[in-house]
Amino acid sequence: MESKDITFRTRKWVRPEDLNANGTLFGGSLLKWIDEEAAIYAILQLGNGRAVTKYISEINFVSSARQGDLVEMGLTATRFGRTSLTMRAEVRNMITRDSILTIEEIVFVNLSADGTPEPHGYTEITYDRDRIPNHHLTETLNED
């Protein structure tokens, strides 16, 4: 993941419960990790805890990982729609340096309190924590 356009990264350690019958990383585990990280990324970019997965494009698995390997997932916003955020995902094995998969488009939709798509008003990616949903900020401030 040498790509400079990746703006959000996280790492996972491949554990026994993440393996398939072949002893390699189960694709379902990896997709779960990606969807969770994409949701976190979307929530922070849209400033709303009610962002949901709308669409995931073709998933290109090119290699795998084994127990004990470290996997790095990268996401970057590629487009802001009126109610949506589109991002690209890339995953690599940090031990072998091999690419594991790429997903060209993951689309999240910003929802209102009643569960309908709602305009978010953003056009650019943020690198600050200024879009954390207000209910999370309120809870943090009340703990102090």
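Side chains included, hydrogens not; waters and symmetry mates left out as well; all remaining heavy atoms used.
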- Nearest heavy-atom approach of Pro119 to Thr83 is N-CG2, 3.5 Å
- Message: Tell me the closest heavy-atom pair linking Glu124 and Gln45, and the distance in Å.
- Response: O-OE1, 4.3 Å
- Residues clustering with Leu111 (ILVMFWY side chains joined when closer than 4.5 Å, directly or via others): Val52, Val109
- Gap between atom CG of Asp18 and atom CG of Asp69 - 0.5 Å precision: 11.5 Å
- Query: Taking all atoms of both residues into account, what is the closest heavy-atom pair of Leu46 and Ala51, and its distance?
  - Reply: CD1-CB, 4.2 Å
Please tabulate, for side-chain N and O atoms in residues 19-32, each donor-acceptor pair with protein atoms closer than 3.5 Å (sequence neighbours left out).
{"from": "Asn20", "atom 1": "OD1", "to": "Asn22", "atom 2": "N", "distance (Å)": "2.8"}
{"from": "Asn20", "atom 1": "OD1", "to": "Gly23", "atom 2": "N", "distance (Å)": "3.2"}
{"from": "Asn20", "atom 1": "OD1", "to": "Thr24", "atom 2": "N", "distance (Å)": "3.2"}
{"from": "Asn20", "atom 1": "OD1", "to": "Thr24", "atom 2": "OG1", "distance (Å)": "3.3"}
{"from": "Asn20", "atom 1": "ND2", "to": "Thr24", "atom 2": "OG1", "distance (Å)": "3.1"}

- Query: Are any of the side-chain heavy atoms of Ile56 and Ile34 separated by less than 4.5 Å?
  - Reply: no
- Message: Checking one residue: Met94. Which other hydrophobic residues are in its cluster under the side-chain 4.5 Å linking rule?
- Response: Trp13, Leu70, Ile95
- What's in the same ILVMFWY side-chain cluster as Tyr55, cut-off under 4.5 Å, chained through other members? Val107
- Query: So if you build clusters from Ile, Leu, Val, Met, Phe, Trp, Tyr with side-chain heavy-atom gaps below 4.5 Å, do Trp33 and Val62 land together?
  - Reply: no
- Message: Tell me whether the count of non-hydrogen atoms from other residues, nucleotides or ligands lying under 6.0 Å of CD in Glu17 goes above 12.
- Response: yes
- Item | Residue pairs, two or more places apart or on separate chains, that pass side chain to side chain donor-acceptor pair (under 3.5 Å) and touch residues 101-117 | Asn48-Asn110, Arg79-Glu105, Arg88-Glu104, Ser112-Asp114, Ser112-Thr116, Asp114-Thr116
- Query: Roughly how far, to the nearest 0.5 Å, is NZ of Lys54 from CD1 of Ile106?
  - Reply: 15.0 Å
- Query: What pairs of residues pass the ring-ring contact (aromatic ring centres under 6.0 Å, His included) test when at least one of them lies in residues 58-99, not counting sequence neighbours?
  - Reply: Phe80-His120
- Item | CZ on Arg92 to CZ on Arg9, rounded to 0.5 Å | 7.0 Å
- Shortest non-hydrogen contact from Ile43 toward Pro133: CG2-CG, 3.6 Å
- Item | Spatial distance of atom CG (Asn93) from atom CG (Leu101) [nearest 0.5 Å] | 11.5 Å
